[in-house]
Number of protein chains: 2
Amino acid sequence: MVKDKNTEQRIFDAARIVFQQKGLAGARMQEIADEAGINKALLHYYYRSKEKLFEAIFNEVFSNIVLGLQNLFSKEMGILERFHAIVEIYIDNLLKNPHIPLFVINEINQNPEKIISILNDKVVIHMKNFLIQMYQEMNEGKIKKVDPFQLLMSVIGMIIFPFAVFPAIKGIAAKNQMPVETFLQDRKQIIIGYIENILKP
Amino acid sequence: MVKDKNTEQRIFDAARIVFQQKGLAGARMQEIADEAGINKALLHYYYRSKEKLFEAIFNEVFSNIVLGLQNLFSKEMGILERFHAIVEIYIDNLLKNPHIPLFVINEINQNPEKIISILNDKVVIHMKNFLIQMYQEMNEGKIKKVDPFQLLMSVIGMIIFPFAVFPAIKGIAAKNQMPVETFLQDRKQIIIGYIENILKP
DNA sequence: GTCTATAAGTAGATAGAC
DNA sequence: GTCTATCTACTTATAGAC
């Protein structure tokens with residue numbers, strides 16, 4: 001039995017929008033159906049339950065993030081270059097999907113075991129290689145000696161935080177007659193500058 | 001008519017715990033009642049509705065944050081000293097209440113107008129003075145020339161992000177046999193070090 | 001596959017006894 | 001003030017026609 005790709009995809013896209021804005025508990029199946037332009041019953045026809053629909057969305061979103069991380073950490077490049085890539089690629093991606101951080105952060109808090117096990121399975125290896133590379137470059141005197149994990153956490157925090165409070169940033173930006181996109185675009189070079197200040201020997 | 005402070009306070013504390021963990025939509029009045037060790041009907045006796053109870057909690061939490069900001073920005077001190085204080089005080093406070101960041105971030109996203117108007121009324125003035133002070137010290141050559149707002153956003157991001165993904169950090173820390181509290185305590189000096197690197201002329 | 005109508009379950013809110 | 005019992009509304013989920 002072949003599924004109608006069009007309808008299924010429309011449901012999927014609608015669900016992603018609603019779940020990202022309202023979260024699992026706050027979303028309504030009716031709202032998703034309206035957003036998809038179809039009837040509520042069809043949601044259950046394609047995805048048996050609200051939970052299953054949510055899981056389908058989350059898995060797609062999160063596996064994209066994991067793929068992005070794997071990609072960033074598997075390529076051969078120096079540490080500064082790598083941080084440069086992390087900042088550029090993530091801010092560009094988040095500008096296209098500013099709701100993703102809060103969506104993922106909420107799931108981390110509601111369902112930590114699931115996320116931790118995925119991270120352990122698919123990300124930790126790359127993370128370890130990254131840490132090893134940092135220690136190498138530190139010993140070679142290419143970069144200053146710092147705690148690699150703390151730095152990584154800091155960089156991710158600087159990247160993600162403005163998106164987690166996006167509406168507030170937007171409000172503040174509007175008050176200063178600056179498009180929020182400009183603020184976030186500028187941020188790329190600024191964060192990279194910080195990292196260079198921190199790491200340059 | 002005098003309210004029974006004990007019961008009201010127990011409801012309030014229980015509601016804070018449940019709302020912070022589950023959010024407005026995810027929380028159940030029954031769960032709050034259980035947590036408070038009283039009956040569901042009493043919740044409505046003290047706070048007319050779920051929404052009103054949530055608002056009471058949020059207002060208390062958020063006004064504490066605003067007070068903290070006002071306090072930090074009103075005291076006379078140099079810029080580096082001020083950043084030092086921001087980092088120390090916020091990490092210490094968040095270690096006591098690690099759920100607050102996500103709680104506030106969610107409300108920022110669900111109810112941005114309310115938060116923006118409070119910020120405009122009570123925080124923007126202090127923020128402006130802070131920016132003025134930064135420009136002064138930059139012109140005097142005490143610190144390097146940087147975008148003050150971007151730096152502030154970065155510092156706040158570095159402070160708050162680990163708490164927003166607390167369960168994940170905890171999981172990773174556990175895997176490395178390190179208490180998450182140690183990781184976050186260490187972070188204070190590390191972030192302050194970053195800021196000095198960024199601002200030292 | 002898609003719809004309408006409806007069932008079944010849940011959650012917030014209230015009535016009324018004590 | 002506090003409880004039990006109940007009401008009402010909403011939401012997910014299903015049955016069944018087309």
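Throughout, protein chains are lettered first and strands after them, A, B, ... in sequence-line order, and every chain is numbered starting at 1.
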Can you tell me which nucleotide in C/dT14, D/dT12, D/dT2 comes closest to the side chain of B/R48? C/dT14
At under 4.0 Å between heavy atoms, what does B/A33 touch on the DNA or RNA strands: base, sugar-phosphate, or nothing? nothing
Look at the side chain of A/T7 and decide which nucleotide, out of C/dT2, C/dG12, D/dA13, has an atom nearest to it. C/dT2
Could you tell me whether the phosphate oxygens of D/dT2, OP1 or OP2, come under 4.0 Å of any side-chain nitrogen or oxygen in B/Y46? yes
Phosphate OP1/OP2 of C/dG12: any B/S49 side-chain N/O under 4.0 Å: no
Taking only side-chain nitrogens and oxygens of A/R28, does any of them come within less than 4.0 Å of OP1 or OP2 of D/dT12? yes
Separation of C/dC3 P from A/L42 CG (nearest whole Å): 5 Å
Could you give the CG-to-P distance, from B/L43 to C/dA11, as a whole number of Å? 14 Å
Would you say the side-chain atoms of B/Q30 and B/D34 include a donor-acceptor pair closer than 3.5 Å? yes
Protein-nucleotide distance (B/I11, atom CD1; C/dG12, atom P), rounded to Å: 14 Å
May I have the distance from A/N6 (atom CG) to C/dT2 (atom C1'), rounded to whole angstrom? 14 Å
Length of the CG-P vector between B/N39 and C/dT14, whole Å: 15 Å
Would a distance-only check, ignoring hydrogens and angles, find a side-chain to backbone donor-acceptor pair under 3.5 Å from A/R187 to A/I159? no
A/A41 has a side chain; which of C/dC3, D/dG1, C/dT2 sits nearest to it? C/dC3
Whole angstrom is fine here: how far is it from NZ in A/K52 over to P in D/dT14? 10 Å
Just to confirm, is there a sub-4.0 Å distance from OP1 or OP2 of C/dT14 to any side-chain nitrogen or oxygen of B/H44? no
Heavy atoms under 4.0 Å, any strand shown: does A/A27 hit a base, just sugar-phosphate, or nothing? sugar-phosphate
Per atom distances to the B/Y45 side chain, the nearest of D/dG1, D/dT12, C/dA13 is D/dG1
Closest of D/dT14, C/dT2, C/dC3 to the A/I38 side chain is C/dC3
Passes side-chain hydrogen bond (donor to acceptor under 3.5 Å, both in side chains), A/K200 versus B/N197? Steps please. CA-CA 10 Å; A/K200 280 271 169 72; B/N197 269 315; over 6 Å; no
Is the A/F103 ring parallel, tilted or perpendicular to the A/F58 ring (thresholds 30°, 60°)? tilted
Taking atom types as modelled and ignoring hydrogens, do the side chains of A/N129 and A/Q133 form a donor-acceptor contact shorter than 3.5 angstrom? no
D/dC3 C1' sits how many Å from B/M29 CE, rounded? 16 Å
Between D/dC10 (P) and A/K40 (NZ): distance, integer Å: 12 Å
